[in-house]
Amino acid sequence: HYFKKNLSYIGFGGHGNQVRDVIHIKDVCEIITLQIKNLKLTYNNTFNIGGGLKNSISLKNLTRKCEIITKNKIKFKRIPNTSIFDIPYFVTDNKKVQKIYKWKPKRIIDDILKDIYYWLSDNKKLKKYFK
């Protein structure tokens with residue numbers, strides 16, 4: 001949206017109804033720091049870390065939010081065919097990491113998207129690296 005490039009909704013009819021969760025890089029850094037400081041809790045454990053239910057959104061609704069933030073409306077191509085590897089709904093279950101580290105994501109979707117927008121605005125010189 002920021003770069004006004006065309007995008008595609010891929011799979012499941014190409015309507016953008018797939019749901020994913022999003023997480024802010026600062027939340028990721030916080031849990032990594034906690035894990036480094038408490039390596040004995042991390043040892044031999046696997047943790048799911050993501051935005052969770054609170055930060056889940058369909059691609060179509062994410063598009064709407066991005067249009068509001070960027071004030072850009074872009075065209076979407078519908079690619080109806082679904083990869084055998086794609087799933088219609090994925091939201092991270094953070095229960096284990098929340099229990100062990102007393103951690104959960106702090107930032108909400110609207111703030112995550114605004115932070116991405118402002119970061120891109122402040123770093124326009126890096127545009128050549130985004131395709």
Side-chain angles (χ1 to χ4, degrees):
H1 282 87
Y2 183 85
F3 297 116
K4 301 177 187 173
K5 292 189 175 190
N6 292 337
L7 295 172
S8 300
Y9 291 137
I10 302 171
F12 304 101
H15 300 285
N17 292 321
Q18 298 97 312
V19 173
R20 302 291 186 265
D21 61 331
V22 296
I23 188 166
H24 197 288
I25 188 63
K26 287 183 180 179
D27 286 323
V28 173
C29 290
E30 285 175 9
I31 187 55
I32 290 172
T33 300
L34 280 172
Q35 290 176 318
I36 290 170
K37 289 180 179 181
N38 297 288
L39 282 175
K40 64 182 180 218
L41 298 176
T42 305
Y43 179 75
N44 222 13
N45 270 304
T46 301
F47 298 99
N48 293 321
I49 297 171
L53 191 57
K54 180 178 86 171
N55 282 331
S56 64
I57 190 167
S58 72
L59 300 179
K60 187 178 359 181
N61 289 336
L62 183 61
T63 294
R64 289 186 189 119
K65 287 181 177 288
C66 289
E67 287 174 347
I68 291 168
I69 291 169
T70 64
K71 297 178 179 58
N72 295 331
K73 189 165 180 88
I74 60 174
K75 293 183 180 184
F76 274 79
K77 181 178 177 185
R78 287 186 175 184
I79 301 175
N81 296 339
T82 304
S83 164
I84 62 169
F85 304 106
D86 201 358
I87 56 175
Y89 182 91
F90 181 84
V91 175
T92 307
D93 180 352
N94 291 318
K95 288 178 193 163
K96 183 176 177 182
V97 74
Q98 186 173 347
K99 179 180 176 185
I100 292 177
Y101 287 99
K102 312 297 185 242
W103 172 90
K104 62 182 175 181
K106 295 176 184 160
R107 288 134 188 113
I108 61 171
I109 281 181
D110 291 339
D111 293 336
I112 295 168
L113 295 177
K114 286 176 189 170
D115 283 353
I116 292 169
Y117 175 80
Y118 294 132
W119 187 89
L120 287 168
S121 296
D122 291 343
N123 292 281
K124 288 180 182 175
K125 64 182 179 267
L126 300 176
K127 180 181 178 179
K128 62 184 175 187
Y129 298 107
F130 297 100
K131 295 185 180 195

Quiz item: Transitive ILVMFWY cluster of I31 at side-chain heavy atoms under 4.5 Å: who else is in it?
Solution: I23, I25, V28, I32, L34, I36, L41, F47, I49, V97, I100, Y101, W103
Quiz prompt | Any donor-acceptor N/O pair, K102 side chain to K99 backbone, under 3.5 Å | solution = yes
Quiz item: Do the side chains of I109 and I116 join up, straight or via other hydrophobic residues, at under 4.5 Å, putting them in one cluster?
Solution: yes
Practice problem: Mind listing the closest non-hydrogen atom pair of K106 and D27 along with its distance? | Solution: N-OD1, 3.1 Å
Self-check item: Atom of K96, atom of N45 and distance for their closest heavy-atom approach
Solution: NZ-OD1, 3.2 Å
Quiz item: Judged by atom type as modelled, is there a donor-acceptor pair below 3.5 Å linking the side chain of D21 to the main-chain atoms of S56?
Solution: no
Quiz item: How far apart are the C-alpha atoms of D115 and H24, what are their side-chain angles, what is the distance that settles it, and do they pass the side chain to side chain donor-acceptor pair (under 3.5 Å) test?
Solution: CA-CA 9 Å; D115 283 353; H24 197 288; 2.7 Å; yes
Practice problem: May I ask you to say whether E30 pairs ionically with R107, meaning some side-chain N is under 4.0 Å from a carboxylate O? | Solution: yes
Quiz item: CD of Q18 to CG of L62: how many Å apart, nearest 0.5 Å?
Solution: 11.5 Å
Quiz prompt | Partner of D110 under salt bridge (Lys or Arg N to Asp or Glu O under 4.0 Å), chosen from K65, K54, R64 | solution = K65
Self-check item: No-hydrogen, no-angle side-chain donor-acceptor test under 3.5 Å, S58 and N61
Solution: yes
Quiz item: How close do Y9 and T63 get, heavy atom to heavy atom, and via which atoms?
Solution: OH-OG1, 2.6 Å
Quiz item: Have K95 and N48 got a donor and an acceptor in their side chains that come within less than 3.5 Å?
Solution: no
Exercise. Of all the heavy-atom pairs spanning P105 and G51, show the shortest one and how long it is.
Key: CG-O, 3.9 Å
Exercise. Search all heavy atoms of L113 against all heavy atoms of C66 and return the closest pair with its distance.
Key: CD2-SG, 4.3 Å
Quiz prompt | Donor-acceptor contact present, side-chain N17 to main-chain F12, <3.5 Å | solution = no
Quiz item: What pair of heavy atoms forms the shortest contact from K4 to N72, and how long is it?
Solution: CE-OD1, 3.2 Å
Practice problem: Could you tell me whether the side chain of S83 and the main chain of F85 form a donor-acceptor pair under 3.5 Å? | Solution: yes
